[in-house]
Amino acid sequence: MSEDESGGSALVAQTVVPEGAVSADPAFRLSRLRLPAWLAALRANRRVSAVFSDVAAVLVAALDVWLVVPEGAPTYSIWLSWLAVPAMLLRRHVPFVAVLLTIPGFFAGWAQLAAMIALGTLAKRHLLGWRTIVGAVLVGLSRFVLWPWSEFLALTWRQHFLDVLYGVLVAGMPVAIGMLITVRQELSTRIRELARSREREKRLYAQTVRSAERAKLAREMHDVVSHQVTLIAMQAGALQVGAKDDESREAAETIRALSTRTLEELRELVGVLRSGGDDDTQPGLDEIADLMRSSGFSVALAMDAAPELLPAPVSRAAYRTVQEALTNVRKHAAGSRTSVRVRADGETLLVEVRNERPRTRPPLLPSGGHGLLGLRERAGLLGGSFDAGPTAEGGFQVRARYPLAG
């Protein structure tokens with residue numbers, strides 16, 4: 001093998017890199033190089049990138065052999081050199097075997113780039129394992145030892161020294177490139193993990209801030225609102241005891257009952273705020289039976305839906321709709337017949353709460369209408385609809401539709 005066979009060795013990096021660095025690790029993409037959209041899509045495709053890598057390796061190895069083989073070369077040297085070219089198709093699967101197949105063509109022929117490409121792929125796969133060391137020694141010796149043997153022995157010591165240097169470079173460069181690619185991939189992976197860790201820390205910090213705000217709000221509600229409602233309940237109780245007519249006594253009892261119920265709901269809300277509960281901890285339609293029992297009056301329930309199959313936001317919204325509707329019935333139509341119907345109709349969940357005309361005239365209680373407004377907003381956020389209004393028979397009806405898809 002002649003000494004001028006090192007031409008074109010700088011192309012090794014271009015054929016070692018595509019094997020896994022371009023396709024398997026998106027962080028390897030050059031951020032400063034703007035590629036056309038179609039070319040970027042091809043690079044992101046793992047299979048296309050692997051095929052391109054094989055084609056590039058075969059072309060580089062074939063050009064190296066074709067351009068370097070001198071006239072009058074021995075036939076066996078030519079055959080061994082060309083045998084190293086198809087070995088490029090094995091380098092991604094069995095890189096050590098590919099290196100072994102290229103050694104005869106490098107030692108007795110002119111397949112230098114083929115051996116370097118296979119060695120770079122081997123170093124990328126196994127780093128400094130025993131296979132890489134053996135492959136590097138074989139490649140270095142193939143560059144150092146000149147064939148035929150008589151020509152090698154005829155060289156001076158200076159030429160032998162230069163051949164040692166070239167052998168180290170020819171074997172060391174692909175090993176360094178392959179290891180560099182692998183280390184860069186690992187570094188990119190760790191950087192992405194660090195970025196994800198920082199995102200998690202930001203979310204945890206945001207949750208901590210929200211928890212502190214919830215705790216502050218809970219304290220204010222407990223100290224101010226709860227105290228005022230407690231005074232209302234006590235005054236109503238005193239009024240009930242001292243009332244001289246039945247109408248005043250009945251109004252005082254209603255005020256006292258509503259105040260007591262408001263205190264209970266307020267304590268539940270304060271508990272939720274202090275615990276920092278998420279939407280995932282809020283009740284859904286699977287707990288609607290408990291809601292019926294705690295309503296304090298008879299309710300006819302018709303359930304034609306499987307709560308466990310419903311999306312969690314829809315299940316929670318349906319539960320809140322029934323809860324608010326029953327609260328309004330208790331406040332404004334106590335004692336009237338009430339029915340609740342929940343039905344899954346195709347891609348829509350229908351929730352309907354209807355009550356008849358109240359048998360007795362209910363006391364006039366203040367109401368801001370914020371409960372129904374909140375239900376309408378919740379339905380709108382979920383892509384559904386909400387309607388509420390009096391019926392022709394003098395009762396009241398609440399109807400909400402929530403989409404089950406999307």
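Numbers for residues simply follow the sequence, beginning at 1.
Residues Ala61 and Ala114 share a closest heavy-atom pair of CB-CB, 3.8 Å. Looking at every heavy atom in both residues, Ser81 comes nearest to Ala111 through O-CB, 3.8 Å. Taking all atoms of both residues into account, the shortest heavy-atom contact from Ala108 to Ser77 is O-OG, 2.7 Å.
By the 4.5 Å heavy-atom criterion applied to side chains, Leu138 and Leu119 are not counted as neighbours. Between Phe161 and Tyr166 there is no side-chain heavy-atom pair separated by less than 4.5 Å. Two residues are said to be in side-chain contact when any heavy atoms from C-beta on lie closer than 4.5 Å; Val170 and Gln112 meet this criterion. Put simply, the side chain of Trp66 reaches to within 4.5 Å of the side chain of Trp82, judged on heavy atoms. With contacts defined as side-chain heavy-atom distances shorter than 4.5 Å, the pair Val342/Asp304 does not qualify. Side-chain atoms of Ile103 and Val139, non-hydrogen and from C-beta on, do get closer than 4.5 Å to each other. A heavy-atom distance below 4.5 Å is not found between the side chains of Ser339 and Val299. By the 4.5 Å heavy-atom criterion applied to side chains, Thr102 and Met88 are counted as neighbours.
Counting only distance, with no hydrogens or angles, the side chain of Asn355 and the backbone of Val329 share no donor-acceptor pair below 3.5 Å. Remark: side-chain polar atoms of Thr348 are not paired, donor with acceptor, to backbone N or O of Pro403 under 3.5 angstrom. A donor-acceptor distance shorter than 3.5 angstrom exists from the side chain of Arg125 to the backbone of Arg92, with no hydrogens or angles considered. Side-chain atoms of Thr327 come within 3.5 Å of backbone N or O of Gln323 as a donor-acceptor pair. Put simply, the side chain of Thr121 never gets that close to the backbone of Arg91: no donor and acceptor are under 3.5 Å apart. Between the side chain of Thr391 and the backbone N or O of Gly389, no donor-acceptor pair lies under 3.5 Å. Judged purely by atom type and a 3.5 angstrom limit, Thr182 uses its side chain to pair as donor or acceptor with the backbone of Lys124. Judged purely by atom type and a 3.5 angstrom limit, Ser142 has no side-chain atom pairing as donor or acceptor with the backbone of Phe106.
We find the CD1-NE2 distance between Ile133 and His126 to be 12.5 Å, quoted to the nearest 0.5 Å. Atom-to-atom distance recorded for Arg320:CZ and Leu375:CG is 10.0 Å, nearest 0.5 angstrom.
More than 12 heavy atoms of other shown residues, nucleotides or ligands fall within 6.0 angstrom of atom OH in Tyr76. Counting heavy-atom neighbours within 6.0 Å of Arg376 CZ, excluding the residue itself, gives a total above 12.
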Exercise. When you look at Thr321 and Tyr402, which way does the side chain to side chain donor-acceptor pair (under 3.5 Å) test go after all the steps?
Worked result: CA-CA 11 Å; Thr321 301; Tyr402 300 101; 2.7 Å; yes
